[in-house]
K.L.:
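Here it is: the structure, laid out below.
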There are 2 protein chains.
Amino acid sequence: MPSTASARPPGRPRAGVNAKVFAATLSTVHELGYARATVERIAAAAGVAKSTVYRRWPSKGALIVDCLLDAFGPAPLEGADRAEIMSSVIHWVARTIGEPGVGDAFAGVFSDAVSDPALREILSARLQDPYRLALQDALGEPEHRVLFFIDVVVGVLLHRMGMTGEPMVDSDIAALVEMVLPHFAEGPGPT
Amino acid sequence: MPSTASARPPGRPRAGVNAKVFAATLSTVHELGYARATVERIAAAAGVAKSTVYRRWPSKGALIVDCLLDAFGPAPLEGADRAEIMSSVIHWVARTIGEPGVGDAFAGVFSDAVSDPALREILSARLQDPYRLALQDALGEPEHRVLFFIDVVVGVLLHRMGMTGEPMVDSDIAALVEMVLPHFAEGPGPT
DNA sequence: CAAGTATCGAGACTCCGAGTATCGATACCT
DNA sequence: AGGTATCGATACTCGGAGTCTCGATACTTG
């Protein structure tokens, strides 16, 4: 088994349920949209019972967040300079959001978080904070600048996805890079 | 409760229902959040019956869109040059989204639209298109560039609102203006 | 003033999804 | 083989979106 099996209590172990549920979540969201992707349908697509899903995640939102975390994986932070890092991060986020189901799931859970403080906390702590901290370290930028960077990149991509139902095209992603990089260039930038 | 019989427009039984419902929508969303702001609660806050709301708007999403349209009003497009127009538009959107209830309502209906093509059509046609056309005319930019501008401005502001629950602070709005304006400056810009 | 009419208010109703609870079945570890 | 925790199935509560009916009301017109 390639995964690190830490302390495993006796009893029936967890078969590869999480991976199956993640895949089923994305495909169901992709086929039916976020609202019609009910937990019951996701569970059925994964071949597990709804109660199994709720045993592993406290809410639909938490499931989606973990699913997104799995879909994004580690951020690509290896670059020659800050511009290269930022560019590769933007392309990575755009590419991942463009994968089937990811954009819908992201926009959906993001909207749910608007009126659900508990979900907002999950979203912020489990999804945004790890990438934010890694970016602060890689770019040497203060927290508020990195938060602004994330607002710009993710906000633009999600708005396009939400308004049109389609991921952003390459030419607009290029425009996004060309707009963002000068603003974050080193030197006499704004505080 | 006292039946406040104030100004009555001509026609059959038409009271100033729309305005009362719009105000009740924003205050209810502001107090309870988007998800808890049910149509029943909004109607109660407006002093009307739920059936009255559904007689005037086909869905909760359509009500929110009309409410946002009322909250934003006409775009401020009178400026000396393109930079001034874009700057005033950005500040106007930021200021309006920062008004109580508007940001929550916007982010909420936006998220609903992700998985509801009919609502997405309403949102795009009734809210985005009029402003987009006015901006194309005022800025002399092609459609895809104005759509990108809207994606940037609205996407960033909504992402901040959704992630933090608070509107964007003035210093970050200033940073947004400083990032966007050079990209749309006239001259040897990208196609 | 009276009649006509369209909207309003109240509330019951259906539909559906989130999340909970129960219990027998099962698959893994020791 | 046996112990044990998870799994599957299923029934359940709760709440909101949207529909429908009907009596009440308020406005317009003769």
K.L.:
Pairs of donor and acceptor atoms involving the side chains of residues 59-71 of chain B, under 3.5 Å and at least two apart or interchain, shall be tabulated with distances.
P.N.:
residue : atom : partner  : partner atom : Å
B:Ser59 : OG   : B:Ala62  : N            : 3.2
B:Lys60 : NZ   : B:Tyr34  : O            : 3.3
B:Lys60 : NZ   : B:Ala37  : O            : 3.2
B:Asp66 : OD1  : B:Arg126 : NE           : 2.9
B:Asp66 : OD1  : B:Arg126 : NH2          : 2.7
B:Asp66 : OD2  : B:Trp57  : NE1          : 3.0
B:Asp66 : OD2  : B:Arg126 : NH2          : 3.4

K.L.:
Between the main-chain N or O of B:Leu26 and the side-chain N or O of B:His30, is there a donor-acceptor pair closer than 3.5 Å?
P.N.:
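Side chain of B:His30 to backbone of B:Leu26: no pair is present.
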
K.L.:
What integer distance in Å separates B:Trp57:CH2 from D:dT19:P?
P.N.:
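Interatomic distance, CH2 of B:Trp57 to P of D:dT19: 15 Å.
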
K.L.:
Are B:His183 and B:Phe149 an aromatic pair, judged by ring center distance below 6.0 Å?
P.N.:
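That pair fails the under 6.0 Å test.
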
K.L.:
What pairs of donor and acceptor atoms, side-chain ones from residues 128-138 of chain B against any protein atom, are under 3.5 angstrom apart with sequence neighbours left out?
P.N.:
residue  : atom : partner  : partner atom : Å
B:Tyr131 : OH   : B:Gly73  : O            : 2.4
B:Arg132 : NH1  : B:Gln136 : OE1          : 2.5

K.L.:
Enumerate the protein-to-nucleotides 17-22 of chain C contacts in which both atoms are nitrogen or oxygen and the separation is below 3.5 Å.
P.N.:
residue : atom : partner : partner atom : Å
C:dG17  : OP1  : A:Arg41 : NH2          : 2.8
C:dA18  : OP1  : A:Lys60 : NZ           : 3.3
C:dA18  : OP2  : A:Val39 : N            : 3.2
C:dG19  : OP2  : A:Tyr54 : OH           : 3.1
C:dG19  : OP2  : A:Lys60 : N            : 2.9
C:dG19  : N7   : A:Lys50 : NZ           : 2.9
C:dG19  : O6   : A:Lys50 : NZ           : 2.6

K.L.:
A:His159 and ring-ring contact (aromatic ring centres under 6.0 Å, His included): which single residue from B:Phe148, B:Phe106, B:Phe110 fits?
P.N.:
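Going through the options one by one, the only one that passes is B:Phe110.
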
